[in-house]
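Per chain, numbering begins at 1; letters A, B, ... match sequence-line order.
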2 protein chains.
Amino acid sequence: MKDIKHFLRQNSLRPTKQRVIIANYLFDGVNKHVTAETLSNKLLKMKAEISLATIYNTLHDFYEKGLLKKLMINSERIYFDTNTEHHHHFYSKKDQKLIDINVDMKVSGLPKPPKNKKINKIEVLVHLDN
Amino acid sequence: MKDIKHFLRQNSLRPTKQRVIIANYLFDGVNKHVTAETLSNKLLKMKAEISLATIYNTLHDFYEKGLLKKLMINSERIYFDTNTEHHHHFYSKKDQKLIDINVDMKVSGLPKPPKNKKINKIEVLVHLDN
DNA sequence: TATCAGTTTAGAACGATTCTAATGTATTGA
DNA sequence: TCAATACATTAGAATCGTTCTAAACTGATA
């Protein structure tokens, strides 16, 4: 609790009640993928009623401080990932679920990027059948 | 024109005026990435006023017949790709532009998929900086 | 050419997200 | 410690891409 307050302050975020609750959940050491909706549901189960607007604000605030990653998954929702290291994913469309790939992968045979463009990062998405 | 009508019929799609116009544009031999909005704009420039609802319907109809691919790009929009072969992309967020990668790439170091799951396909998205 | 299933359309509805503006709260510095 | 104020939270309205609705239209068929 104290740690989380410190942690928020260190990231120039006021440790408000809501942010502390959300940060405690998100940064408990277990990497998570959340959307505003799944996070809201989880918080309700934890008896923490926090408005959707605040959840959106908080996710974006955390994202802006680099505490969360936005995922490049096509879906109606925006996914936020507590694992901010560069990594890849398995994706099961059927289950609408993402699974981290935490091993190093190499992509070979990459063509040159277009003129005046530089490669920022490479994302690999492994689609699962079932 | 005749060819496009045939082409539509062969894919169990009635060659209506609107579908013919859209198919003529999309399948002119040059691969394209479109969203409902960019397609609508293009059609307006070609003096073809087709309602947004029809554009959405048509894109989905074509998708369902396998004539278009839906792209897994995070963006507010859904991108459709006239290149239905398996391939990868460069993506410039700044330009909101996709560029096909038409060379074979290999991904090595892939971990085993989760239990009972099979890998369907691997998609590589190369993010560009500028 | 009449019939009818399939198609198009304007506009309403939808669902995720953002905005608004009123209220509340953490920080500050006297 | 407390008042001032800058920042946060909130309910509900607004927005935006997309889908739905139901009425009008059109291509296929007999």
Side-chain angles (χ1 to χ4, degrees), chain A residues 1-2 4-26 33-44 47-65 67-68 70-80 96, chain B residues 1-2 4-25 33-44 47-65 67-68 70-80 93 96:
Chain A
M1 200 71 94
K2 258 275 179 39
I4 281 288
K5 285 192 181 182
H6 259 97
F7 172 74
L8 290 172
R9 276 205 199 85
Q10 273 164 4
N11 285 283
S12 320
L13 289 164
R14 273 200 200 165
T16 64
K17 202 167 28 157
Q18 292 84 344
R19 284 178 179 165
V20 167
I21 291 169
I22 293 175
N24 257 317
Y25 168 65
L26 289 178
H33 305 112
V34 302
T35 67
E37 206 195 357
T38 65
L39 178 54
S40 174
N41 290 339
K42 190 62 83 175
L43 292 169
L44 285 178
K47 311 279 180 199
E49 265 194 50
I50 298 178
S51 78
L52 253 189
T54 299
I55 289 172
Y56 278 105
N57 288 340
T58 304
L59 287 172
H60 283 123
D61 294 343
F62 287 4
Y63 170 70
E64 247 139 51
K65 302 301 181 187
L67 306 178
L68 293 174
K70 254 189 212 173
L71 291 188
M72 304 292 283
I73 301 304
N74 189 34
S75 149
E76 311 306 271
R77 333 272 159 84
I78 295 169
Y79 280 87
F80 289 90
Q96 289 251 1
Chain B
M1 199 72 94
K2 256 277 179 35
I4 282 289
K5 284 192 183 184
H6 259 97
F7 172 73
L8 290 172
R9 277 205 200 86
Q10 273 164 4
N11 286 284
S12 321
L13 290 164
R14 271 200 202 166
T16 64
K17 201 165 31 158
Q18 292 84 345
R19 284 178 179 164
V20 167
I21 291 169
I22 294 175
N24 257 316
Y25 168 65
H33 305 110
V34 301
T35 67
E37 206 195 358
T38 65
L39 179 54
S40 174
N41 290 339
K42 191 62 84 175
L43 291 168
L44 285 177
K47 310 278 181 202
E49 265 196 50
I50 298 178
S51 78
L52 253 191
T54 299
I55 288 173
Y56 278 105
N57 288 340
T58 303
L59 287 172
H60 283 124
D61 293 344
F62 287 4
Y63 170 69
E64 247 141 50
K65 302 300 183 190
L67 306 178
L68 293 173
K70 253 189 213 173
L71 292 187
M72 303 290 282
I73 302 301
N74 189 34
S75 150
E76 312 305 271
R77 333 274 158 85
I78 295 168
Y79 280 88
F80 289 90
K93 190 173 189 167
Q96 289 251 3

What residues form a side-chain hydrogen bond (donor to acceptor under 3.5 Å, both in side chains) with Thr54(A), not counting sequence neighbours?
Ser51(A)
Of the listed nucleotides (dT10(D), dT17(C), dT8(C)), which one gets closest to any side-chain atom of Thr54(B)?
dT8(C)
So, do Glu49(A) and Leu43(A) sit near enough that their side-chain heavy atoms are less than 4.5 Å apart?
no
Does any part of the side chain of Phe7(B), heavy atoms only, come nearer than 4.5 Å to the side chain of Leu67(B), both counted from C-beta?
yes
Length of the line joining Leu8(B):CG and dT26(D):C1', which is rounded to integer Å
15 Å
Take atom OH of Tyr56(A) and atom C1' of dT20(C), then tell me their distance rounded to the nearest Å.
17 Å
Just how far, in rounded Å, is P of dC25(D) from CG of Asn57(B)?
18 Å
Scan nucleotides 25-29 of chain C against the protein and return all N/O pairs shorter than 3.5 Å with their distances rounded to 0.1 Å.
residue, atom, partner, partner atom, Å
dT27(C), OP1, Arg9(A), NE, 3.3

Can you confirm whether Tyr79(A) sits close enough to Thr38(A) that some side-chain heavy atom of one is under 4.5 Å from a side-chain heavy atom of the other?
no
Measure from CD on Gln18(B) to C1' on dT9(C) and round the result to the nearest Å.
9 Å
Holding to ring pair (Phe, Tyr, Trp, His ring centres under 6.0 Å), I want the full list of residues that pass it with Tyr56(B), two or more places apart in sequence or in another chain.
none
Rounded to whole angstroms, how far apart are CD on Glu64(B) and C1' on dG6(C)?
15 Å
Output the rounded distance in Å from OH (Tyr79(B)) to C1' (dG17(D)).
13 Å
Given atom CG of Asp61(B) and atom P of dT18(D), what is their separation to the nearest angstrom?
16 Å
Below 4.0 angstrom from OP1 or OP2 of dT17(C), is there any side-chain N or O of His60(A)?
no
Look for any protein N or O under 3.5 Å of an N or O in nucleotides 11-15 of chain D and output each such pair with its distance, or none.
none

Results of side-chain hydrogen bond (donor to acceptor under 3.5 Å, both in side chains) for Ser40(B) - residues two or more places apart only
none
So Gln18(B) and Asn57(B), do their side chains get closer than 4.5 Å, heavy atoms only?
no
Sequence neighbours excluded, which residues qualify as side-chain hydrogen bond (donor to acceptor under 3.5 Å, both in side chains) partners of Glu37(B)?
Arg77(B)
Going by heavy atoms in the side chains, are Phe80(B) and Lys70(B) under 4.5 Å from each other?
yes
Nearest-Å distance for atom pair NZ/C1', residues Lys65(A) and dC7(D)
12 Å
